[in-house]
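One is the number of the first residue; the rest follow in order along the sequence.
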Amino acid sequence: MSTLPADRLSASGPDLPHPTVTCVFAVTDTPPPDETVSVTPGHDGGGPLRVLAAGPLHLIVQDVPAAAFGEEALAERLNRPQELERCARAHHRGVETAASAGTVVPLPMATLYLDDHNAVRAVTARAASLRTLLDRLRHRTEWAVKVHGPGIAHASAAGDGPADGRSYLRRVSERRRTEREERERALALADAVDRELRRCAVAATRHRPQSEQLTGRSVPQLLNAAYLVDDARRAEFVRAVGELAHDAHRSALEVTMSGPWIPYSFARADEAEHDAHQEAGA
């Protein structure tokens, strides 16, 4: 039996003699119609998606084969890029369907329980914090903003002038100092973008910058951030990003935005409660 971190709903690794286990995609208090949910493709080999009541809350779930979703089998599958992408797409479809009727708390991919009873019991035990989180996310969406560049020009250490060792080492030192200063200036500009956008957001989080291999760009990613924005301030946020992108272009930086998204980055009950306490004390 395995568990996700304590701030998530626990997951059971089905090494028991159950033909299927219950996979939970999301929690909501405004469930979509059964006919909408049932036609959404879920994980391969599983049954149709369905709505499972847990008091005032509802889960979007699917019966999936225990043999394919046991701890070892699942870990082996998710280590294969194509399988990981397939599972991630299925999970997102389930969450997206749940969100078609209202606010949702998206759960981590492959959140599993032995059966419906265990899933309902786990949600019921955390109903208060989940309702707080749903209220926190209501009428708000996630926006992703990334800042790239500029590339650092690597000047030749040889240069012109004397070729003695001392001169060479001095030029190497100067080149490294210049590269470091350029990098620090670029990072400072990216930080300024983040600070400004936080003024328009309810909450923000910075993810680890992606590698150039993942982004497909030849310049480094300096900022990889997500912002939780009130729908009423959407136009203000979009306008702010546009203005920052225009200003950053003068410094050879590129600011890009995508959204609105389901707020995956902010679906943590402990963070919602912490932020709620901060707002109450403000």
Side-chain angles (χ1 to χ4, degrees), residues 2-13 22-31 52 54-61 78 84 87-88 90-99 101-113 118-146 194-195 197-210 223-231 233-234 237 258-282:
S2 63
T3 54
L4 291 167
D7 61 302
R8 300 290 192 182
L9 298 180
S10 60
S12 299
T22 302
C23 180
V24 186
F25 295 87
V27 178
T28 181
D29 55 5
T30 52
L52 178 62
L57 301 177
H58 295 78
L59 318 179
I60 305 302
V61 305
L78 297 184
L84 175 60
C87 286
H91 180 72
H92 181 65
R93 288 193 298 267
V95 173
E96 208 169 32
T97 298
T103 307
V104 300
V105 175
L107 299 186
M109 185 173 64
T111 296
L112 305 166
Y113 295 92
N118 280 279
V120 169
R121 184 173 62 179
V123 168
T124 302
R126 298 192 59 212
S129 62
L130 286 166
R131 286 198 298 269
T132 297
L133 184 52
L134 284 165
D135 289 341
R136 175 71 167 163
L137 300 180
R138 207 176 310 278
H139 305 307
R140 291 165 174 168
T141 48
E142 178 174 331
W143 294 76
V145 175
K146 296 176 172 57
D194 181 46
R195 286 196 303 273
L197 293 180
R198 286 172 184 260
R199 299 175 186 272
C200 306
V202 175
T205 186
R206 292 179 69 154
H207 302 300
R208 179 178 298 178
Q210 297 170 312
L223 177 69
N224 181 17
Y227 303 88
L228 184 65
V229 179
D230 278 323
D231 290 342
R233 300 189 69 181
R234 176 180 298 185
F237 182 83
S258 62
W261 305 110
I262 296 168
Y264 283 95
S265 297
F266 303 95
R268 291 172 56 98
D270 59 340
E271 290 180 357
E273 291 165 358
H274 173 72
D275 291 341
H277 288 317
Q278 283 192 322
E279 289 179 355

Quiz prompt | Gap between atom CD of E96 and atom CD1 of I262 - 0.5 Å precision | solution = 5.5 Å

Exercise. Verify, without hydrogens or angle tests, whether H91 (side chain) and T111 (backbone) share a donor-acceptor contact under 3.5 angstrom.
Key: no

Quiz prompt | Minimum heavy-atom distance H58-P56, with the two atoms named | solution = ND1-O, 3.7 Å

Quiz prompt | Rounded distance [0.5 Å steps], CG in L228 versus CG in L137 | solution = 6.0 Å

Quiz prompt | Minimum side-chain heavy-atom gap Y264-V95 below 4.5 Å | solution = yes

Quiz item: Is the shortest heavy-atom distance from the side chain of R140 to the side chain of P263 under 4.5 Å?
Solution: no

Self-check item: Within-4.5 Å side-chain heavy-atom neighbours: L84 and M109
Solution: yes

Exercise. To the nearest 0.5 Å, tell me how far C23 SG sits from I60 CD1.
Key: 12.0 Å

Self-check item: Nearest-0.5 Å distance that lies between atom CD in E142 and atom OG in S258
Solution: 8.5 Å

Exercise. Decide yes or no on side chain to side chain contact (heavy atoms under 4.5 Å, CB included) for V202 and R233, but give the supporting numbers first.
Key: CA-CA 10 Å; V202 175; R233 300 189 69 181; over 6 Å; no

Exercise. Using side-chain hydrogen bond (donor to acceptor under 3.5 Å, both in side chains) as the criterion, point out the one residue from R138, H139, R131 that pairs with D135.
Key: R138

Quiz prompt | Heavy-atom closest contact (G94 atom, F25 atom, distance) | solution = CA-CD2, 3.9 Å

Practice problem: Determine whether V24 and V123 make a side-chain contact, defined as any pair of heavy atoms from C-beta on separated by less than 4.5 Å. | Solution: no

Quiz item: Nearest heavy-atom pair of T30 and T103: which atoms, and what distance?
Solution: OG1-N, 3.8 Å

Quiz item: What residues form a salt bridge (charged side-chain N to carboxylate O under 4.0 Å, His left out) with R198, not counting sequence neighbours?
Solution: D194

Quiz item: So, do P260 and W143 sit near enough that their side-chain heavy atoms are less than 4.5 Å apart?
Solution: yes

Quiz item: Do any N or O atoms from the side chain of T141 and from the backbone of W261 form a donor-acceptor pair under 3.5 angstrom?
Solution: no

Exercise. Any chance you could measure R199, atom CZ, to F237, atom CZ, to the nearest 0.5 Å?
Key: 13.5 Å

Self-check item: Test item: N224 side-chain N/O and R208 main-chain N/O as donor-acceptor pair under 3.5 Å
Solution: yes

Quiz item: Can you find a heavy atom in the side chain of L197 that is under 4.5 Å from one in the side chain of V145?
Solution: yes

Quiz item: salt bridge (charged side-chain N to carboxylate O under 4.0 Å, His left out) with R195: which residues, sequence neighbours excluded?
Solution: none

Quiz prompt | Heavy-atom closest pair, residues V229 and A201 | solution = CG2-CB, 4.3 Å

Quiz item: So, do N118 and T22 sit near enough that their side-chain heavy atoms are less than 4.5 Å apart?
Solution: no

Self-check item: Rounded distance [0.5 Å steps], CG in L52 versus CG in L57
Solution: 11.0 Å

